[in-house]
Amino acid sequence: MNIKDILSKKVSAAMVAAGLPEGTNPALSLSNRPQFGDYQANGVMGAAKKLKTNPRELATKVVAELDLGGIASKIELAGPGFINIHLDENWLAAQLNEVAKDEFIGVAQRSVNADDKQQTVVVDYSAPNLAKEMHVGHLRSTIIGDAVVRALEFRGDKVIRQNHMGDWGTQFGMLIAHLSDKLASDEVAETALADLENFYREAKVRFDNEEGFADRARADVVKLQSGDETCAKLWQQFIDISITHSEDIYAKLNVSLKRSNIMGESAYNDDLSTVIDELMAKEIAEESQGAKVVFINEMANKDGEAPVFIVQKSGGGFLYATTDLSACRYRSGKLAANRIIIFTDARQALHFKQVEIVARKAGFLPENVGYQHCPFGMMMGDDGKPFKTRTGGTIKLAELLDEAIVRAAALIKEKNPEINDADLTEISKKVGIGAVKFADLSKNRTSDYIFNWKTMLSFEGATAPYLQYAYSRIQSIFSKAGTVNNDAVIDIIEPQEKALALKLLQLEDVVDAVISECTPNLLCNYLYELASLYMSFYEACPILKEGISDEVKSSRLALCKVVADTLKQGLDILGIETMERM
RNA sequence: GGGCGCGUAGCUCAGCUGGAUAGAGUACCUGGCUACGAACCAGGCGGUCGCAGGUUCGACUCCUGCCGCGCCCA
C-alpha cells in the first residue's frame, strides 16, 4: 500500500496522455498546507520548462486526462501549475480497512517470486574493538545498523548481519602477555577481565614502563600470528570474555546481534595473502618502497597524481585495507550479497571509497552488487570537542544505559508511587533505553552531534516515551472497552480521523525511504507525527464517553487498533519496546 | 597543500528528486484535569536559512567565490 506510488502512476499516465514524454517525473509529494490538498504533483512545471511551453496550459491538459475517480474527491490546478489532489475520505477508509486486516499493516512483502524481488543484503554494523569495552561512540553504528536491518527484514529482504569486530592487531600482544601473567598468579580469566577498561590500562602501563614487557608483547603478537597454540589459547580466552561484555550491551540495548553474526577481523587472516597475490597477478597492485600498493588513478588530483592505497606494509604486515578487500570478496561471493551496507563513522569515508574502487577493479565486487558505506558523525561534548569524561576518559556505554534506566525509574516512581518493583524494573528499562535510542536514531546528520545527558535522557516532547505513552493510552482504552469487535468498519468523519488515516497509509513509503537511504530518523519522524496526530484525535474524538453511538465507537476502536499496531511495529523496527501500562 | 562534511529560532534538530506563507521539540508566556492516563492537548512568542554573487517563473535545496567549524589524506 503506497498512496504516493498509486498517484504517481496515475499522474504519469495523464502526463503521457497530455503529450508529455514517457518517464517524465510527476514529482509527487505530500502537500504542506491543508488548502493544497493531501498530495500535490509538481512535475508539470519542470516539464513545461523543458518544452518551453506555458506550464498552466500544460497542467490544464494533464488535469483533463487525470483519472482519479473513486480516489480523489477534488483535483485543483493552482498557481503556475501545481496539481493539488484532495483524497476521497471513503477511499481512504476503504484502504485503511484493508490495511487493518493485513498482518504487515499494509507494507508489501518482497519475496523470491514477487515482482518486487527479495534481495540478499549484508549489513556490517556495531564492530566494537574487543580490546576495550564498548563506549558511547559505538552506540550509533550499533543501533542505526540494527534499525536498518529490521526495516529490511520487515519489507521482506534477506539480511545477513556481520559484526566485523576488532579482534586482531598489535594491541592483543600486550593484552595476552598481561593475561598470561594474571593467570600464572592464579587469577581466573573471568575475574581478571571483569573490567576490560582497567585491564587495558594496566597492560598499557606495563607496556610503556616495565622493562622487557613491550618486547614480550611484540613477540607474542608474532607468535599469535604464526599460530602458536599457547598464545592462541590466551587470545581466544580474552576474545570470548570480551564478546560476552558486548553481548550484555546488546541484550540491554535490545539489539538483534548474536554471537553467530560475528565475523571479526581475524576471520579473514587466511585469505589476506591470497588477496595480495591476486592484486599483484592482475597488476592492480605493485611494489613501492618494499610495500604493496595500489595507485588509485580514479582519484587523481589536477596534476595527475594518484593517491596511494597501501595493501601490504613493507614488513609484510597486512592492514585494514587488506581485510576490507577480503571482506568484499567474501560477502559478494560466499554470502551472495546483492547489496552490502557498512555503518562506521565518517572518518572512514575515504578509506571505504578506496576499498570499493580497488575491489571493483579486482572483481571482488561485481558491478551488480551494491556497496554502500553509511557514515555518521562523532559524538561531541558540550564544548564541541570529542566527548570525554571529566578525567579525559571515554564514557562506557554500559554506564550511560544504567544512568538512563535509573532516571526513568525515578520518573516512573514519581508518576506512580504505588507501582510494584517488578513492574518498575521492567518499565524503567524499556523507557530509559528507548529514550536513549530514540534520541540518537532521530538524528540524521552525518556530521558530528552534541551529546547531552539532559536531551538524551529526556522523557518529554519528541521522545520515545511519548510514543510509548501513546501506545499505552490505546491499550488502556482497549482494556476499558472490554471486548473489541474485530469486524468493525472504520469510518472517517472528523478531520483528526482523516489525518490519522492518511498518516497510517504512509508506512510503506517511509519504510522504503529508510531502507534505501539507511536513515532510521525518517521512521522516527513518522512515528512521532503519527503519535502526535493520535494525541490530537484522542482529545477531539471521544470513544468510550457517553453519547457515542456503537458504530462510531467501534469505528474509532478499530482506528485505535491500527494506530497501536503501527506504533508497535515501527518502534520494534527501531528496537524500542512498548508496554500495556507505564 | 589536496579532498570530504557541516553552518536553519536562545538551545537540540527536521526540511524528501528545486515548489506555494521555512517546520518540530525545548525554553519562555496564556489557557485546559469532579479524568476514555496532563509523560498530554490548544494557542502565543521566537528566523536577513553563515556571507556575497549566479542559474530559474520559483533557491534552505543547484553552481561559483569567500568566512567559520570538524574530519580525512599528505
Side-chain angles (χ1 to χ4, degrees), chain A residues 4 25-33 35-36 40-46 48-49 54-56 78-82 84 296 299-303 305 307-309 345-354 375-378 380 382 384-386 408 411-412 414-416 431 435 439 442-452 454-456 458-470 472-481 509-510 512-513 516-517 519 521-522 524-525 528-529 531-532 534-546 548 553 556-557 560 581-582:
Chain A
K4 198 169 152 185
N25 183 1
L28 215 93
S29 68
L30 280 163
S31 300
N32 50 5
R33 256 161 238 287
Q35 68 260 38
F36 300 148
Q40 54 179 263
N42 306 330
V44 174
M45 290 174 285
K49 186 195 278 189
N54 183 309
R56 180 88 193 186
F82 295 102
N84 295 332
I296 303 182
M299 296 177 72
N301 64 16
K302 287 169 204 152
D303 301 328
E305 295 164 328
V308 181
F309 187 62
D345 73 71
R347 288 174 299 185
Q348 298 183 51
L350 175 65
H351 167 75
F352 281 106
K353 198 172 173 184
Q354 294 177 327
F376 46 82
M378 289 168 64
M380 310 301 257
D382 286 328
K385 291 178 184 158
L411 179 80
I412 293 159
E414 183 192 314
K415 305 244 179 218
N416 183 5
V431 170
S442 58
K443 291 181 174 67
N444 177 37
R445 333 187 87 227
T446 51
S447 58
D448 306 333
Y449 81 101
I450 308 286
F451 176 91
N452 183 295
K454 213 175 129 202
T455 51
M456 180 144 292
S458 169
F459 303 106
E460 280 179 4
T463 63
Y466 180 87
L467 308 188
Q468 292 167 321
Y469 181 58
S472 292
R473 270 184 148 182
I474 298 173
Q475 298 311 312
S476 174
I477 290 177
F478 289 153
S479 69
K480 284 221 167 65
D509 199 12
V510 170
D512 279 350
S516 67
E517 301 304 315
T519 47
N521 72 304
L522 298 176
C524 292
N525 294 346
Y528 175 73
E529 285 163 7
S532 179
Y534 181 77
M535 294 291 193
S536 300
F537 160 83
Y538 183 93
E539 298 285 334
C541 305
I543 301 166
L544 304 177
K545 289 188 175 165
E546 274 183 50
I548 304 298
K553 178 175 153 187
R556 288 181 178 164
L557 281 171
C560 285
R581 286 172 295 114
M582 65 184 277

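The sequence lines fix the lettering, A, B, ..., with proteins before strands; numbering per chain opens at 1.
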Separation of [N] [atom2] from [X] [atom1] (nearest whole Å):
{"X": "A:M456", "N": "B:C11", "atom1": "CE", "atom2": "C1'", "result": "16 Å"}
{"X": "A:E539", "N": "B:G37", "atom1": "CD", "atom2": "P", "result": "11 Å"}
{"X": "A:D345", "N": "B:G5", "atom1": "CG", "atom2": "P", "result": "16 Å"}
{"X": "A:F478", "N": "B:G37", "atom1": "CZ", "atom2": "C1'", "result": "15 Å"}
{"X": "A:I474", "N": "B:A39", "atom1": "CD1", "atom2": "P", "result": "16 Å"}
{"X": "A:M535", "N": "B:C41", "atom1": "CE", "atom2": "P", "result": "6 Å"}
{"X": "A:M299", "N": "B:C73", "atom1": "CE", "atom2": "C1'", "result": "9 Å"}
{"X": "A:Q354", "N": "B:A74", "atom1": "CD", "atom2": "C1'", "result": "12 Å"}

Take atom [atom1] in [N] and the same atom in [M], then report the distance between them in whole Å.
{"N": "B:C40", "M": "B:A22", "atom1": "C1'", "value": "27 Å"}
{"N": "B:G23", "M": "B:U8", "atom1": "C1'", "value": "10 Å"}
{"N": "B:C29", "M": "B:C66", "atom1": "C1'", "value": "41 Å"}
{"N": "B:U61", "M": "B:G70", "atom1": "C1'", "value": "22 Å"}
{"N": "B:A42", "M": "B:A24", "atom1": "P", "value": "11 Å"}
{"N": "B:G10", "M": "B:C51", "atom1": "P", "value": "13 Å"}
{"N": "B:U55", "M": "B:C63", "atom1": "C1'", "value": "7 Å"}
{"N": "B:G46", "M": "B:U12", "atom1": "C1'", "value": "15 Å"}

Check every strand shown and say whether [X] touches a base, only sugar-phosphate, or nothing at a heavy-atom separation below 4.0 Å.
{"X": "A:L350", "value": "sugar-phosphate"}
{"X": "A:L411", "value": "base"}
{"X": "A:P307", "value": "nothing"}

Partner set under side chain to side chain contact (heavy atoms under 4.5 Å, CB included) for A:F352, not counting sequence neighbours: A:D324, A:I342, A:T344, A:Q348, A:Y371, A:H373
With A:I477 via side chain to side chain contact (heavy atoms under 4.5 Å, CB included) - residues at least two apart: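 A:I477 satisfies side chain to side chain contact (heavy atoms under 4.5 Å, CB included) with A:Y534, A:Y538, A:I543, A:L544, A:L557 only.
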Options B:C41, B:G37, B:C73, nucleotide nearest the side-chain atoms of A:Y466: B:C41
Selection from B:A39, B:C41, B:A38 that lies nearest to any side-chain heavy atom of A:V431: B:A39
Residue matched to [N] through Watson-Crick or wobble contacts both under 3.5 angstrom:
{"N": "B:G25", "value": "B:C11"}
{"N": "B:A42", "value": "B:U30"}
{"N": "B:U17", "value": "none"}
{"N": "B:G65", "value": "B:C51"}
{"N": "B:C4", "value": "B:G70"}
{"N": "B:G58", "value": "none"}

Beyond-backbone contact of [X] with [Y], side-chain heavy atoms, under 4.5 angstrom:
{"X": "A:K415", "Y": "A:M582", "answer": "no"}
{"X": "A:N84", "Y": "A:Q40", "answer": "yes"}
{"X": "A:R581", "Y": "A:N416", "answer": "no"}
{"X": "A:S536", "Y": "A:E539", "answer": "no"}
{"X": "A:C524", "Y": "A:K443", "answer": "no"}
{"X": "A:F537", "Y": "A:C560", "answer": "yes"}

Earlier contact from the 5' end, RNA chain B, for A:Y528 and A:K353: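 Nearer the 5' end of the strand: A:K353.
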Protein proximity profile, nucleotides 14-21 of chain B - base contact B, sugar-phosphate-only contact S, no contact -, cut-off 4.0 Å on heavy atoms: SS-BBBBB
B:A42 OP1/OP2 closer than 4.0 Å to side-chain N/O of A:S536: yes
Phosphate-side-chain proximity, A:R473 and B:A39, N/O vs OP1/OP2 below 4.0 Å: no
Closest contact, heavy atoms only, A:M456 versus A:A439: CA-CB, 3.9 Å
